[in-house]
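Below you'll find the structure, written out as structure tokens, and then a few comments.
Note that this is a predicted model, so its numbers are computed, not measured.
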Amino acid sequence: MNLGELSTMKQAKDIALKISVTYVLLGILWIVLSDYFSMIIAHEKLSMYIYFQRYKGWLFTLVTGMIIFLLVYRRTNELIISNEKLKKKEKQLQIRNQHYHSLFEQNPDAVLELSLDGNVVSVNSEAEGLLESTHEQLKEVKFSKFLDEVEMKRVTEYFFQTFKGWASTFETTIHLANNNRKILRCSLVPIIVNRKVTGIFAIARDITLHRENEEMVIASEKLSVIGQLAAAVAHEIRNPLTSLKGFIQLMQISNRNNHDHLDIMLSEVDRIDLISGEMLILGKQQEFDLRREKLDDILKQVLVLMEAQAHLDNVSIQYKNLAEKPLYVLGEGNQLKQVFINIIKNAVESIPDNKDGNVSITLVTRGDDAHVVVADNGVGMEPERIGHLGEPFYSTKEKGTGLGLAVCQKIIERHKGHIHFQSEKEKGTAVEISLPIVDEEIPAASAD
């Protein structure tokens, strides 16, 4: 007999005792009062005494019946209301149990209920399919059957963590019959009753196919990156190749060797070799030496390289150094040259063939930074396009890849500088590059 039944019996005894005591007290009270009134009536009038004696039993029965009725009605009504509430709670509990049962059985994930000693209490159909075993088979199986020694040790640690009332999520690999292997994403959830962990819910999902698809996507992305890198290398090497072609054509026309031109050509060949390695800047951090470089000298070297192409495109380039003193920055000369060539080349190419082109390059100081402003009177661009400049493979040119500006921004960021674009449709574009100024001679440093 459980505690609920004992409580019900005690309550029934209390009600019966209360009614019995009430009836006895009413009987005693009625006997005392009726005898008292009988004595008074007998002295006054005998006929009234006889009348009272004849009907006092009926009166007692009527009064006690009404009182007992009220008592029984009150207690019965309380019991009925309590019973209705109990039935309502039982119905709600049944509905809730059905909800939980549906969540357990209809769950698309495998769900196992485990006892604290690791035995399987119940499983849903998904768990039977995932583990390729029936409920009865799983009751007797040890999980070491599915896990190797290393994974078993790791999963056991998660079980101990769940015993303390903490849920955990992890991935593991199980081994089934016929060398079948599955990768599972698992969650262990403690079953807490009266603030005590009484068991564990193990929820598992097969992500083997998902992992295989991820590996395929990664392999595809690697191939795509190789293609992007090849396009980027071709894009960046085209600049020095154009300069080399221009000098070679000039040597063919003049039919003589110019040692200054040969030096520049050798420098451009070195830059091609450097660019091939520097393209890794977009995807991988690499160390390079930072030295104290004079911006004016770098810009003048770039002008020598760009004047030939600008002349062929009917574009004039003006350079103004408005700085009051020589400006030095901490950087890598060839990378900075690569940035300025790319920016100036974009400015020249933005000017239509039917227009007298003009590109101005200005070197100024503002606070502790040196600013190089490259402005053109080309076609310009809409404001909404400016925010996308520097994104790989976003280009305003028909055959552009967008990698040139992406490389430029990466190089300037690694030099602790900034690039700012300002443009207006049909009026031109201004690109402002800022770099921190260094005043004192410093030894070479490396950056990554």
Self-check item: Closest non-hydrogen atom pair between L116 and G199, with its separation
Solution: CD2-N, 3.8 Å
Quiz prompt | Shortest non-hydrogen contact from L130 toward A204 | solution = CD2-CB, 3.9 Å
Could you tell me whether the side chain of [Y] reaches within less than 4.5 Å of the side chain of [X], counting heavy atoms only?
| X | Y | value |
| --- | --- | --- |
| P436 | V329 | no |
| I192 | T198 | no |
| I174 | L147 | yes |
| N119 | L114 | no |
| T162 | V189 | no |
| I344 | I317 | yes |
| L184 | T173 | no |
| I433 | V373 | no |

Quiz item: Which pairs with one or both residues in residues 166-221 pass ring pair (Phe, Tyr, Trp, His ring centres under 6.0 Å), sequence neighbours excluded?
Solution: Y158-F170
Hey, is the main chain of [Y] close enough, under 3.5 Å, to the side chain of [X] for a donor-acceptor pair?
| X | Y | answer |
| --- | --- | --- |
| S133 | L131 | yes |
| H135 | V121 | yes |
| D313 | V315 | no |
| T156 | M152 | yes |
| D109 | R205 | no |

Self-check item: Q318 and N358 side chains, donor-acceptor separation under 3.5 Å
Solution: yes
Quiz item: Does a donor on one side chain sit under 3.5 Å from an acceptor on the other, for Q106 and N124?
Solution: no
What's the spacing between [X] [atom1] and [Y] [atom2] if we round to 0.5 Å?
| X | Y | atom1 | atom2 | answer |
| --- | --- | --- | --- | --- |
| T134 | E128 | OG1 | CD | 6.5 Å |
| M265 | K245 | CE | NZ | 13.0 Å |
| T242 | M306 | OG1 | CE | 8.5 Å |
| L327 | E293 | CG | CD | 13.5 Å |

Quiz prompt | Residues E413, K410; criterion salt bridge (Lys or Arg N to Asp or Glu O under 4.0 Å); working and verdict | solution = CA-CA 5 Å; E413 286 174 3; K410 191 73 173 180; 5.1 Å; no
Quiz item: What class does the angle between the rings of F163 and F160 fall in, given that below 30° is parallel, 30 to 60° is tilted and above 60° is perpendicular?
Solution: perpendicular
Quiz item: What residues, two or more places apart in sequence or in another chain, satisfy ring pair (Phe, Tyr, Trp, His ring centres under 6.0 Å) together with Y319?
Solution: none
Quiz prompt | Residue list, ring pair (Phe, Tyr, Trp, His ring centres under 6.0 Å) with Y328, at least two apart or on another chain | solution = none
Quiz item: Do E332 and R414 pass the salt bridge (Lys or Arg N to Asp or Glu O under 4.0 Å) test, and can you show the C-alpha distance, the side-chain angles, and the key distance before you say yes or no?
Solution: CA-CA 10 Å; E332 206 285 320; R414 293 177 68 179; over 6 Å; no
Practice problem: Could you tell me whether K182 atom NZ has more than 12 heavy atoms of other residues or ligands within 6.0 Å of it? | Solution: yes
Self-check item: Selection residues 151-170 - residue pairs positive for salt bridge (charged side-chain N to carboxylate O under 4.0 Å, His left out), sequence neighbours left out
Solution: E151-R154
Quiz item: Taking it one step at a time, do S122 and E113 satisfy side chain to side chain donor-acceptor pair (under 3.5 Å)?
Solution: CA-CA 5 Å; S122 59; E113 182 182 351; 3.1 Å; yes
Practice problem: Could you tell me which residues satisfy side-chain contact (heavy atoms from CB on, under 4.5 Å) with L241, sequence neighbours excluded, listed by chain and number? | Solution: I237, L244, I272
Quiz item: Is any NZ, NE, NH1 or NH2 atom of the basic residue among K345 and E349 found under 4.0 Å from an Asp or Glu carboxylate oxygen of the other?
Solution: yes
Quiz item: Restricting to pairs with a member in residues 359-369, which pass side-chain hydrogen bond (donor to acceptor under 3.5 Å, both in side chains), not counting sequence neighbours?
Solution: R366-E432
